[in-house]
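Here's the structure, in structure tokens; my notes come after.
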Amino acid sequence: MSDHHEHGPHQHGTPSLRHRLAHLLTPHSHETADKLDAALESSAQGMRALWVSLAVLGATALAQAAVVAVSGSVALLGDTVHNAADALTAVPLGIAFVLGRRAANRRFTYGYGRAEDLAGLVIVLTIAASAAFAAWAAVGRLLDPRPVTDLPAVAAAALVGFAGNEWVARYRIRVGRRIGSAALVADGLHARTDGFTSLAVLLGAAGSALGLRLADPIVGLAITAAIVLVLRDAAREVLRRMLDAVDPALVDRAERAALAVPGVRSVGELRLRWVGHRLRAELAVVVDGEATLRQAHAIAVAAEHALLHALPRLTAALVHADPAPVPGERDPHLALAHHLTT
């Protein structure tokens with residue numbers, strides 16, 4: 001027997017007094033409308049993060065482009081291109097968030113949330129391209145050193161680039177983690193790599209001011225190595241999400257929540273997976289074999305309810321109730337065994 005309902009995500013932590021009063025005084029439901037409202041709200045937060053970061057990075061790139069036109073700094077030109085490319089990563093993420101709002105259908109029965117994973121992959125490839133471009137620019141400057149003019153303006157533009165990228169990185173990562181979007185977190189890490197590139201421009205300008213022509217390309221190569229490290233972290237996060245990896249702590253929390261439900265004797269198979277920035281659960285609970293169908297169903301609903309309160313961003317749970325085995329009884333799942341062997 002199984003029980004399946006879809007619900008809106010619940011954000012938990014230490015609830016405020018206002019939240020607790022609202023929880024007591026308002027009708028408490030987990031209906032489909034609640035799920036859609038919460039899903040749309042999380043997508044709206046993601047879209048807002050994209051628009052804000054696009055505006056900040058666009059303004060940063062324009063300011064740097066003006067200095068490039070005056071100074072002729074190749075390093076600053078590379079940083080400007082970096083910032084422009086980072087701003088444009090909002091496009092695949094924006095498409096993913098819009099697609100994620102579409103309802104599930106008979107072809108895409110889980111909805112379109114996985115579009116975020118594809119967007120995350122595009123962002124990882126963009127970070128890789130940025131690392132390659134930074135390395136190419138650094139090697140080119142190492143082989144052909146060039147003087148940089150208007151160093152104070154270049155240094156100021158580098159600081160603007162670093163400040164803009166770091167602010168956007170923190171903002172994207174914070175929102176991405178709040179709504180559970182690995183793609184938005186990866187995009188935030190990408191913005192941080194561009195901040196590193198801006199610091200390379202600043203250090204290169206300082207070296208040029210001291211008469212060290214090779215300072216800029218050497219620092220550029222060091223920053224390229226740092227970008228590769230960030231690329232590794234971003235790729236690992238996105239690829240884990242694409243392979244349905246979850247934090248083991250979430251599995252432990254779900255198991256404890258289910259075991260705490262009256263009538264649940266033990267928890268069998270428990271699976272969690274992300275679909276975009278929303279979480280789904282499947283689990284089997286063992287109940288009294290003499291329980292009626294209605295009693296077993298009530299226990300399954302209570303277990304599902306407990307999961308919704310224990311797991312942030314959980315929007316759907318499938319709970320299967322198994323009767324507790326008795327000595328000499330044939331395993332009711334034995335008929336399925338030959339279908340499950342590989």
Side-chain angles (χ1 to χ4, degrees), residues 2-16 19-20 22-23 26 28-46 97 100 104 109-114 116-117 120 173-185 237-238 240-287 297-322:
S2 62
D3 181 69
H4 185 201
H5 300 288
E6 292 192 355
H7 302 280
H10 290 246
Q11 300 294 341
H12 293 279
T14 302
S16 64
H19 177 80
R20 288 197 294 265
H23 189 83
T26 58
H28 188 60
S29 70
H30 301 293
E31 297 302 325
T32 301
D34 298 328
K35 174 186 74 69
L36 291 176
D37 288 344
L40 288 174
E41 173 59 25
S42 61
S43 294
Q45 291 182 46
F97 282 129
T109 56
Y110 282 94
Y112 295 81
R114 284 301 182 113
E116 286 186 39
D117 297 332
I173 292 171
R174 184 173 67 251
V175 175
R177 287 176 176 167
R178 184 167 65 239
I179 68 175
S181 173
L184 191 55
V185 171
E237 185 166 357
V238 170
R240 281 179 176 176
R241 183 64 62 88
M242 294 184 71
L243 293 174
D244 285 335
V246 297
D247 186 351
L250 289 178
V251 180
D252 295 338
R253 191 186 308 171
E255 190 172 51
R256 288 194 301 268
L259 285 173
V261 174
V264 174
R265 295 190 175 185
S266 64
V267 175
E269 187 177 56
L270 172 59
R271 295 183 179 182
L272 300 174
R273 71 183 306 193
W274 288 98
V275 180
H277 53 270
R278 294 186 283 275
L279 193 64
R280 301 180 69 95
E282 299 175 8
L283 76 156
V285 295
V286 176
V287 302
H297 178 265
I299 294 172
V301 171
E304 183 182 8
H305 196 179
L307 288 180
L308 288 164
H309 282 279
L311 299 179
R313 295 181 291 275
L314 180 68
T315 57
L318 176 64
V319 182
H320 177 82
D322 283 327

| Per the side chain to side chain contact (heavy atoms under 4.5 Å, CB included) rule, which among Arg114, Arg240, Arg241 passes with Trp274? | Arg241

| field | Nearest atoms (heavy-atom pairs only) where Met242 meets Asp117 | value | CG-CB, 3.8 Å

For a quick test of your reading: what N or O donor-acceptor pairs under 3.5 Å do the side chains of residues 251-267 make, sequence neighbours left out?
| unit_1 | atom_1 | unit_2 | atom_2 | d |
| --- | --- | --- | --- | --- |
| Arg253 | NH1 | Ala310 | O | 3.3 |

| message | For Asp322 versus Ala284, what's the shortest heavy-atom pair and its separation? | response | OD2-CB, 3.9 Å

| Quick one: salt bridge (charged side-chain N to carboxylate O under 4.0 Å, His left out) partners of Arg273, sequence neighbours excluded? | Asp244

| query | Is any side-chain heavy atom of Val319 closer than 4.5 Å to a side-chain heavy atom of Leu283? | reply | yes

| request: Applying side-chain contact (heavy atoms from CB on, under 4.5 Å), name anything that partners Val287, two or more places apart in sequence or on another chain. | output: Val285, Ala296, Ile299, Ala321

| task | Would you give the length of the straight line joining atom CG of Leu279 to atom CG of Leu314, rounded to the nearest 0.5 angstrom? | result | 5.5 Å

